[in-house]
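Notes follow once the structure below has been shown.
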Amino acid sequence: MTTVASFSVEYIQYLSPNGTLTGETIPPIAKDFETIKSLYKTMVMTRVFDAKAISLQRTGKLGTYASSLGHEAVHVGIGSAMKYEDVFAPAYREYGVQFIRGVKMSEVLLYWGGDERGSNFSGPPHDFAWCVPIATQNTHAAGAALSFKLRKQPRCTVSVIGDGGSSKGDFLEAINAASAFKLPMVFVIINNGWAISVPREKQSSGETLAQKGIAGGLPSLQVDGNDLLAVHHEVKKALERARNGEGATVIEAITYRLGDHTTADDASRYRPDEEVENAKRFEPVLRLRQYLMDNNQWSVQQENKLMEDCAIKVEAAVKEYQSASKLPVSDMFDYMFAELPHDLQEQRAFALALEEENS
Amino acid sequence: MTTVASFSVEYIQYLSPNGTLTGETIPPIAKDFETIKSLYKTMVMTRVFDAKAISLQRTGKLGTYASSLGHEAVHVGIGSAMKYEDVFAPAYREYGVQFIRGVKMSEVLLYWGGDERGSNFSGPPHDFAWCVPIATQNTHAAGAALSFKLRKQPRCTVSVIGDGGSSKGDFLEAINAASAFKLPMVFVIINNGWAISVPREKQSSGETLAQKGIAGGLPSLQVDGNDLLAVHHEVKKALERARNGEGATVIEAITYRLGDHTTADDASRYRPDEEVENAKRFEPVLRLRQYLMDNNQWSVQQENKLMEDCAIKVEAAVKEYQSASKLPVSDMFDYMFAELPHDLQEQRAFALALEEENS
Amino acid sequence: MANIAMVEAVSLALSHELEHDKDVVILGEDVGINGGVFRATSGLAQKFGENRVIDTPLAEAMIAGMTVGLATQGMKPVAEAQFLGFIFPMFEQIVCHAARMRNRTRGRLTCPLVIRAPFGGGIHAPEHHSESIESMFAHTPGIRVVIPSSPSRAYGLLLAAIRDPDPVLFLEPKRIYRLVKEEVVNDGEELPLDMCFELREGNDITLVTWGSMVKETLEAADALAKQDISAEVIDVATVSPIDHDTIAESVKKTGRCVIIQEAPKHCSVGSEIAATLAENSLYSLMAPVKRVAGYDVIMPLFKLEKKYMPTVGRILKAVNEVMEVS
Amino acid sequence: MANIAMVEAVSLALSHELEHDKDVVILGEDVGINGGVFRATSGLAQKFGENRVIDTPLAEAMIAGMTVGLATQGMKPVAEAQFLGFIFPMFEQIVCHAARMRNRTRGRLTCPLVIRAPFGGGIHAPEHHSESIESMFAHTPGIRVVIPSSPSRAYGLLLAAIRDPDPVLFLEPKRIYRLVKEEVVNDGEELPLDMCFELREGNDITLVTWGSMVKETLEAADALAKQDISAEVIDVATVSPIDHDTIAESVKKTGRCVIIQEAPKHCSVGSEIAATLAENSLYSLMAPVKRVAGYDVIMPLFKLEKKYMPTVGRILKAVNEVMEVS
Ligand SMILES: Cc1ncc(C[n+]2csc(CCOP(=O)(O)OP(=O)(O)O)c2C)c(N)n1
Ligand SMILES: Cc1ncc(C[n+]2csc(CCOP(=O)(O)OP(=O)(O)O)c2C)c(N)n1
Ligand SMILES: [Mg+2]
Ligand SMILES: [Mg+2]
């Protein structure tokens with residue numbers, strides 16, 4: 001009996017829940033307060049936006065919406081580690097990443113407002129759109145990464161996946177592809193404890209979800225997903241590895257879904273209130289603010305000002321969303337193909353005539 | 001930075017390529033020569049059968065056939081470790097397992113002879129049929145294992161997968177299911193170096209394929225798949241674990257595909273002859289015979305007698321195969337549903353009438 | 001014996017079978033404590049335990065494969081695909097295994113399974129939650145595809161589907177999950193598969209439909225009655241295999257046929273019905289067959305969803321065109 | 001300018017595009033050094049290198065997903081599904097992403113990809129190697145489905161498919177891969193998609209078919225000619241979208257139509273063609289439409305395979321039935 005391979009999964013946290021630095025090493029970002037402040041602002045903005053989106057849904061002004069409450073550090077951490085020319089492959093709630101990359105709040109609203117134009121967003125044109133079929137974005141990311149490798153471009157992809165999604169074959173096959181082709185990419189498993197009503201423990205009895213990367217021999221680690229510094233630093237390191245041709249990394253970021261799965265869900269049916277209350281003690285925004293304040297980088301006045309700012313910007317985004325032009329019926333035909341086939345031309349004409357008749 | 005999980009993959013071999021016992025421990029089977037002799041006979045029979053099947057194909061008496069040449073130890077090792085009431089989920093070339101479980105050689109021929117009746121075989125009626133869509137058998141096995149667990153039956157499933165198939169989502173999802181539900185099952189990855197023309201290295205850059213089990217936190221190990229003792233003993237141990245409610249195990253058995261992928265393949269197009277020549281030095285039948293002979297358990301006379309026996313039995317099987325009754329046209333309708341729907345009744349009548357007309 | 005909605009009728013049938021057949025198990029994502037995203041399995045895990053109503057990891061190919069595995073060993077699994085738009089990872093298992101197990105093994109192994117999935121548009125759901133792809137399954141030999149259109153039919157047909165010794169895809173038009181309530185007696189009485197339901201008798205034209213479009217079709221029939229056009233309304237219910245005889249019989253009487261479906265038109269169940277009329281009922285037809293169907297486009301997000309869905313107005317327009325021909 | 005078989009024409013088109021468009025890459029199982037299990041990519045890895053002709057791990061969902069990923073970033077991937085029977089794990093990517101990317105993003109991201117797959121029966125292949133499921137894709141909005149039936153059409157249509165800015169499923173009827181040889185000029189000239197090819201002119205009946213059945217249909221037309229029945233033969237070629245106008249035009253002339261396909265009948269491409277005739281060409285029809293199709297059964301293993309496949313005899317029988325009607 002000989003040992004032919006050994007692996008381990010490390011857990012990384014730099015900022016403790018009460019806002020103090022932990023651990024032996026301190027990553028560069030921990031002392032770059034300008035950057036932290038700017039990222040903190042994005043985190044807060046994301047949260048204000050989120051609350052607004054939920055209230056729009058509640059008042060019938062938005063469709064089903066997937067909240068990002070509690071995920072701000074992992075999302076903003078990823079976004080801030082990436083370069084513009086990299087490609088991001090989201091699932092459906094990673095607005096924090098996308099805001100940093102230039103997607104507008106009004107575009108997020110458009111999407112959840114039932115309007116495809118939301119996915120023709122202002123972020124990098126090469127970024128993927130929201131991806132509802134779970135885990136399918138991971139192989140898109142692998143394909144994009146392969147294109148960079150083939151074209152010898154110094155670019156990477158980052159794709160995310162939930163704890164639930166980490167069970168689906170597509171994610172596992174993407175890890176395998178990253179391993180086989182040594183692709184420049186980073187997988188972030190956003191483990192928020194729940195896949196709708198199914199708790200993390202029911203997805204797998206493995207000690208970690210990160211270890212799914214071991215299947216392909218990829219470096220695999222856990223980070224505190226409520227610790228912006230840890231997410232930012234580890235994703236950045238992984239991107240550097242990838243850009244240097246050293247292949248992919250799997251990062252499990254442990255966070256918590258503080259809200260319902262979506263506005264169509266009622267988590268109280270399956271999740272004890274105490275669990276949520278407890279999780280709030282570890283949430284990402286508070287701890288980062290504490291860190292800034294403890295280092296005299298942030299004040300109550302600044303916080304108040306920020307909240308005002310956010311409210312104004314979110315209001316403006318809502319206005320923009322609500323003033324979007326009406327979608328013409330032709331829209332459902334006009335992007336089907338570069339050139340509309342004969343059959344569809346007829347169906348289009350029929351639909352337009354019908355519209356005419358009915359108006 | 002704290003280590004939250006560590007894993008390793010062990011490699012196990014009891015019988016060296018030259019037929020001597022290696023390693024510190026000796027498994028019980030190593031001294032159970034009656035059993036070994038019986039399994040040796042099955043291995044040889046499988047090989048004789050295999051050669052015959054290939055020659056039947058070459059002379060137009062069989063369709064495409066997937067050879068098991070070189071896989072005898074891993075197949076017979078699995079088969080001998082299982083109980084009748086366990087369920088086996090094969091791919092398409094694990095005849096050695098199946099012969100031990102009661103499947104007849106003539107049934108294997110029927111199947112590759114283009115006759116569905118081959119899958120209505122004499123093996124355990126609960127065993128799965130050959131499974132061509134790669135890796136889909138692994139989730140069937142998980143489902144069967146779940147049924148045992150739900151019904152509190154002391155039964156297990158064993159499913160196999162190739163090195164190629166280990167890349168496919170179904171296998172990885174099945175591992176995850178086994179982990180999540182703590183299923184009584186054993187996964188054997190039969191790594192024979194090649195998936196048609198694609199070598200093992202192109203499937204994954206992971207050090208082992210066994211480590212795919214680590215994704216779900218399952219005990220994962222490598223065995224010398226040309227060592228009957230190792231395969232038998234480790235599968236048996238894994239089955240005991242499973243039967244005791246301790247969950248699933250992943251075993252990577254390293255062997256080599258000594259022949260073409262199937263009779264439709266020509267491996268010389270992509271595989272260097274030297275590799276095959278080299279692999280023959282490690283093949284399973286020779287080493288087991290050596291071990292038996294070294295222990296005065298086997299003689300040249302016995303070997304000659306065995307070869308004669310095998311030839312006779314294989315001939316009989318071929319006869320049985322060739323004397324199978326003609327398949328009536330109605331057969332393609334009669335097993336579609338328990339009761340044939342109206343539409344199909346009409347199609348069936350049409351097909352029968354046509355047959356009548358044409359005869 | 002209270003009045004219940006269709007989704008409650010689904011629950012009731014599931015509950016009935018869980019109670020009366022110990023081999024029945026339910027599995028899927030969120031079917032347990034949560035009771036399914038549409039409450040179709042509401043209360044069942046609580047009542048029958050988590051060994052009968054099983055939350056699975058998020059992996060549809062695995063759910064389908066395990067369902068096949070369970071079924072071959074004599075269980076009667078009822079799996080849920082959370083939405084029909086997420087059933088694609090199940091295709092390989094459905095087409096290559098569930099549909100083929102009996103035939104492949106000459107009856108040695110069978111697949112008495114049900115896969116349920118809510119489907120169709122009209123509830124302002126996000127992307128991939130509103131498609132109608134019954135035709136893909138209807139094209140697949142070896143499975144039945146059943147679509148209820150009322151609480152009582154949901155109850156009776158689901159019982160029949162679970163008891164059927166072969167695989168059944170049971171597609172639930174979610175737009176009408178809670179549309180009407182109906183008295184459903186929980187007597188365990190199944191309704192026949194493979195048969196159309198004649199919902200309304202008529203002499204002038206045959207309206208053939210299924211699932212959620214039954215609603216619009218019946219409304220259209222009401223409107224036509226006011227125009228003195230007597231429309232026969234047929235709910236196909238089992239869209240594979242189709243009970244063509246009932247349709248042909250009706251068209252023989254009326255001479256005219258409009259087929260209404262929510263799914264895109266191209267190569268669909270509606271195509272099959274129209275094609276069969278062209279083959280076998282040509283001389284019954286006094287006017288061209290007409291299909292009122294979804295356009296052959298991606299189901300739009302909900303701002304344009306209504307423009308995609310066939311409406312009563314479109315049905316009436318088609319009927320009037322067909323009636324004009326003399 | 002030698003005579004080449006259809007599978008060689010496929011190679012030739014691939015080679016042409018690899019040479020002339022640096023964005024083209026080929027990927028799939030065994031497409032590299034081995035040149036594909038049917039030799040369709042024979043020699044290409046050797047000529048263009050393993051960065052252009054890429055052997056992948058064995059995982060179809062991954063192949064399809066990566067193909068989508070490559071295409072969205074401006075590459076023109078040509079993926080191979082080793083057999084159409086193994087394309088099911090690709091469904092989610094094809095239906096939910098390839099077909100929808102342009103529409104979803106309002107043109108921001110597009111999917112100029114091709115997925116090739118050999119399909120159909122008749123070569124004594126093992127289980128799952130012989131199915132014809134073109135209809136499932138033809139039902140899917142947002143993709144083209146193209147099926148060649150001769151070396152020159154394979155060459156010209158595959159070029160067009162690769163150059164098309166939208167996703168194309170290119171299904172190759174493997175029974176006729178090496179059936180006939182034809183002179184194919186490697187001039188990079190594509191043939192038009194979305195159009196039928198009229199293979200033979202005739203006045204008495206229209207025979208509509210595609211793929212491998214073109215062979216039997218032409219043979220039937222020959223036999224009919226001897227009976228003094230002049231059959232027009234139409235190769236649909238692109239089965240989604242279908243060029244219904246050409247078919248309608250022909251039926252207007254002949255008054256009769258038989259549709260021949262290898263796939264099972266139910267909810268198929270043949271259904272769509274017949275349905276469209278019932279809708280738009282009813283007054284052209286002098287006799288019922290007839291479909292000669294595979295039975296709605298599991299494709300049998302090869303002992304009964306021939307009994308499944310439509311034959312010249314079945315075509316003639318159908319034509320004679322249709323001709324008898326006056
Ligand atoms: C293939 C597929 N199956 C099911 C769904 C329905 N669904 C949407 S989100 C979700 C749970 C996802 O959980 P997780 O991956 O943990 O991500 P989270 O929502 O927690 O961010 C499910 C089952 C889907 N969108 N796609
Ligand atoms: C889903 C699917 N894709 C492709 C194939 C075609 N195919 C048959 S065997 C094979 C290679 C399998 O290799 P491996 O898993 O290593 O098993 P081995 O044949 O070596 O035993 C392939 C690609 C298939 N049968 N199923
Ligand atoms: Mg989650
Ligand atoms: Mg192999």
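- A salt bridge links D:D23 with A:R151: at least one charged nitrogen is closer than 4.0 Å to a carboxylate oxygen.
- When heavy atoms are compared at a cutoff of 4.5 Å, A:H126 approaches chain D by way of both its backbone and its side chain.
- Side-chain atoms of A:N120 do not come within 3.5 Å of backbone N or O of D:G107 as any donor-acceptor pair.
- For chain A, the nearby parts of D:N103 are the backbone and the side chain; heavy atoms of each come within less than 4.5 Å.
- Heavy atoms of D:T56 lying under 4.5 Å from chain A belong to its backbone as well as its side chain.
- Checked by atom type and distance alone, the side chain of A:E116 never pairs as donor or acceptor with a backbone atom of D:R106 at under 3.5 Å.
- For the atom pair OG1 of D:T105 and CZ of A:R117, the computed distance is 14.0 Å after rounding to the nearest 0.5 Å.
- Contacts of D:D164 with chain A are absent, with no heavy-atom separation under 4.5 Å from either backbone or side chain.
- Between D:E92 and A:T136 the shortest side-chain heavy-atom distance falls below 4.5 Å.
- With a threshold of 4.5 angstrom between heavy atoms, D:P241 approaches chain A through side-chain atoms but not through N, CA, C or O.
- In this structure, no portion of D:I63 lies under 4.5 Å from any heavy atom of chain A.
- The contact between D:D194 and chain A is made entirely by side chain atoms (from C-beta outward), counting heavy-atom distances below 4.5 Å.
- The backbone N or O of A:S119 lies less than 3.5 Å from a partner atom in the side chain of D:R108, making a donor-acceptor pair.
- Looking at D:L70, both its backbone and its side chain come within 4.5 Å of chain A, counting heavy atoms on both sides.
- At least one donor-acceptor pair under 3.5 Å links the side chain of A:E173 to the backbone N or O of D:M62.
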